[in-house]
Amino acid sequence: MQVTRNIMDQVRQDISEALRNSISELVAAGKLPPAVEAQAVQGIALEAPKDPNHGHLASPVALGLAKSARMAPRAVAEAIRDQLMQPGHSPYIEMVEVAGPGFINFRLSSKWAADTVRAIRSLGREYGTSTHGAGAGVLVEFVSANPVGPMNVVNARAAAVGDTLVRLLKAAGYRAASEFYVNDAGRQVDILAESVFAHVQQLRGVEYEFPEEGYRGSYVRDIAEKALADLGEQLGAAADADADAARALLREFSLQYILGWQKRSLGAYGVEFDRWFSEKSLRAAGAVEDLIASLTEQGLTYEQEGALWFRSTAFGDDKDRVLIKNDGDYTYVAPDLAYHKDKLNRGFTKLIDILGPDHHGYEGRMQAGLKAFGQPDGTLEVLILQLVTLLRDGEPVKMSKRAGEFITMDDLLEDVPVDAARYFFIMRNTSSHLEFDLNLAKAQSMDNPVWYIQYAHARCCSIFRQAEAAGIPASSWADPDIAQLAQASEAELVRKMAMFPDEVLSAAIERAPSRMARFALDFAGAFHSFYTECRVITDDPGLTAARLALVDAARTVLANSLNLMGVSAPERM
RNA sequence: GCGCCUAUAGCUCAGUGGAUAGAGCACCGGCCUCCGGAGCCGGGUGCGCAGGUUCAAUUCCUGCUAGGCGCGCCA
């Protein structure tokens, strides 16, 4: 037997079909006017009600049909219900009720519950995945922090959101890849090299003025010391003979130093990029020239005041953008456009850029570029993350770059466990400001949502240890009678686990990792309620078997949702 | 001035064209001879303001108000 990946999906199809048939039958019998049929064919909505009292699925179809039927919504709903009661409809329907203003609510049968638990246990780690994306290529670019200093907390938020989004997209059947764009060719790196050079000279006892706009963090001196240790004579000789040669050496050295640092920090955070894309390599390949030539060929560039401009206003941007400055250098816009074109050339049909709140002005020019490339609207999606406020002891942590008082990503991860950091950073909508409570993230208590969820998983594992200790063979609960699970908390747990594939898909499609965070928390709550109400290991072998199977399915859902967030699922805590 | 984001319970936040708008925290009260009490159960006068679209608006549209961020030939 083929295992259905998403039972709810199948049930929805069944019931939609049943509803549609019932309406046709009513029209044929003259109990509803023909006008409603045309309307009903448009599609029949079925939703999962928030309130469990409203059943597993509900349809507002009668509300929409009331007007053209010239009947009260409840009367329409009751007619449909009566028709649905005729035999031959879906085996998953246990009961149909009309409620409220005219909703048709469906309670699903124990066959449905049994199929759900069986499918989850059979699919295991695959439960929640789908083929919705049909292998379409999606490139998610995030963090892309300039290689000139430590990463900040918004970079950490971007890393958690981006990485989780990639996991979600993969689960939803997309060919998703993560990318970090390395700005290794711009002026920023030159300034870093000059800053390091000043330190090098100082360390060598040579007087040298620190650059006005130089980077002042203590890490700059660390790089200088490391460079002197590693490059030794070569660097000293260059510094004495040819400052530019020394700067070039330091430029490359600093870059590698910081890239290594960024990779370590992100790696410790559980974020491995599929690719670190070098701007320098893009330039070396002539991609920027090609881009400009192509735009020029389309008549989308012009010269003014010694600079070359991109007519981005032709595609909805606020103002035109400079591509080549009057000093002959590119602005960042030119390589960035070339980079986005490169992404398309590599076969990605959807590009997602995750940016910090200070970069939202960037979207207009990139969107203009994508249109100039002839891409349909929606090819590029820009997710702007809002600010993060750190709270310590209930007070906002004041950060001032000027005073050198700011919490870096490394500081944060030293303070807070990785699992907690990742969870906290994704638990809010990306468009909302995020308050990050450092005390709570560190707390090993029920108040901490990460602990609460992980505890539910550990509890499942503990039950299996107990079962084993009690000598209950695994074979005894391989395929138990799920109909024995009659408690409210059991039904609720099944209902929620059945919704997991839809949740994964929604989170992926809406680019909303926070949905997964909330689902996991909610599901853990349902598990704890069940655990308190129902003792799993009892004197009744049949009931014990059914509950062990239920716990097994719950453990899978917990583990899979934690895994999608990059949070560990511990067996003991 | 223009652009983006936000406005929902005391606090932090969900939610969505549909039923009585939810969760956590905080506060009050219950629940352990038993699988991990790191838990569970109960307790609520809240959608910034004003119009519009709709059978139905917290949700969509318009205009206000308040807050955050941005508006460089920096990235």
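To find a chain, count down the sequence lines: A is the first, B the second, and so on, and within it residues start at 1.
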By centroid distance (under 5.5 Å) and plane angle (under 30°), are A/F103 and B/A19 in a stacked arrangement? yes

Grab the [atom1]-[atom2] distance between [X] and [N] for me, whole Å please.
X      : N     : atom1 : atom2 : answer
A/F424 : B/C25 : CZ    : C1'   : 12 Å
A/K50  : B/A19 : NZ    : P     : 5 Å
A/R535 : B/G37 : CZ    : P     : 10 Å
A/D447 : B/C27 : CG    : P     : 10 Å
A/D437 : B/C13 : CG    : C1'   : 13 Å
A/N448 : B/A23 : CG    : P     : 20 Å
A/M366 : B/A75 : CE    : P     : 11 Å
A/F180 : B/A75 : CZ    : C1'   : 13 Å

Donor-acceptor under 3.5 Å ([X] side chain, [Y] main chain):
X      : Y      : result
A/W309 : A/Q304 : yes
A/N105 : A/E97  : no
A/D327 : A/D329 : yes
A/S281 : A/F277 : no
A/S506 : A/D502 : yes

Using 30° and 60° as the class limits, which term best fits the ring planes of A/F464 and A/W477: parallel, tilted or perpendicular? parallel

For atom [atom1], what is the distance between [N] and [M], given to the nearest Å?
N     : M     : atom1 : value
B/U58 : B/A21 : C1'   : 8 Å
B/U65 : B/G48 : C1'   : 7 Å
B/G15 : B/U6  : P     : 11 Å

Measure from the side-chain heavy atoms of A/R187 and tell me the nearest of B/C74, B/A19, B/A14. B/C74

Of B/G37, B/C35, B/C40, the nucleotide closest to the side chain of A/Y452 is B/C40

Contact class for [X] (heavy atom, under 4.0 Å): base, sugar-phosphate, or nothing?
X      : answer
A/C461 : nothing
A/E305 : base
A/M427 : nothing
A/A470 : nothing
A/R572 : base
A/N326 : base
A/R365 : base

Quick one: do A/W451 and A/Y423 satisfy ring-ring contact (aromatic ring centres under 6.0 Å, His included)? Show the steps, please. CA-CA 10 Å; A/W451 274 74; A/Y423 186 88; over 10 Å; no

Test side-chain hydrogen bond (donor to acceptor under 3.5 Å, both in side chains) applied to A/N183 - qualifying residues, sequence neighbours left out: A/E279

Please determine whether a side-chain nitrogen or oxygen atom of [X] lies at a distance below 4.0 Å from atom OP1 or OP2 of [N].
X      : N     : result
A/K319 : B/C73 : yes
A/S431 : B/U6  : yes
A/R459 : B/G37 : yes
A/N429 : B/G15 : yes
A/Y531 : B/C34 : no
A/S432 : B/A14 : yes

Does the distance from a Lys or Arg side-chain N to an Asp or Glu carboxylate O, for A/R495 and A/E492, drop under 4.0 Å? yes

Would you tabulate the nitrogen or oxygen pairs shorter than 3.5 Å linking the protein to nucleotides 41-44 of chain B?
residue : atom : partner : partner atom : Å
B/C41   : OP1  : A/S529  : OG           : 2.7

Pairs counted as Watson-Crick or G-U wobble with both distances under 3.5 Å: what dot-bracket string results for RNA chain B, using | for bases tied to another strand? (((((((..((((....[...)))).(((((.......)))))....(((((..]....))))))))))))....

Detail all sub-3.5 Å separations between protein N/O atoms and N/O atoms belonging to nucleotides 67-70 of chain B.
residue : atom : partner : partner atom : Å
B/C69   : O2'  : A/P357  : O            : 3.4

Quiz item: cation-pi between A/R365 and A/F310, 6.0 Å / 45°: no

Tell me whether A/K341 forms a cation-pi arrangement with A/Y339, defined as NZ or CZ under 6.0 Å from the six-membered ring centre and within 45 degrees of its axis. no

Establish whether the base of B/A19 is bridged to the side chain of A/D51 by a donor-acceptor pair shorter than 3.5 Å. no

Between A/S514 and A/R518, does any side-chain donor sit less than 3.5 Å from a side-chain acceptor? yes

Greater than 12 external heavy atoms within 6.0 Å of A/E468's CD: no

Report, one pair per line, the protein and nucleotides 55-59 of chain B atoms (nitrogen or oxygen only) whose separation is under 3.5 Å.
residue : atom : partner : partner atom : Å
B/C55   : OP1  : A/K67   : NZ           : 2.7

Sequence neighbours excluded, every pair satisfying salt bridge (charged side-chain N to carboxylate O under 4.0 Å, His left out) that has a member inside residues 427-446 of chain A: A/D415-A/K442

A/V450 and A/A420 have their tightest heavy-atom pair at CG2-CA, 3.8 Å

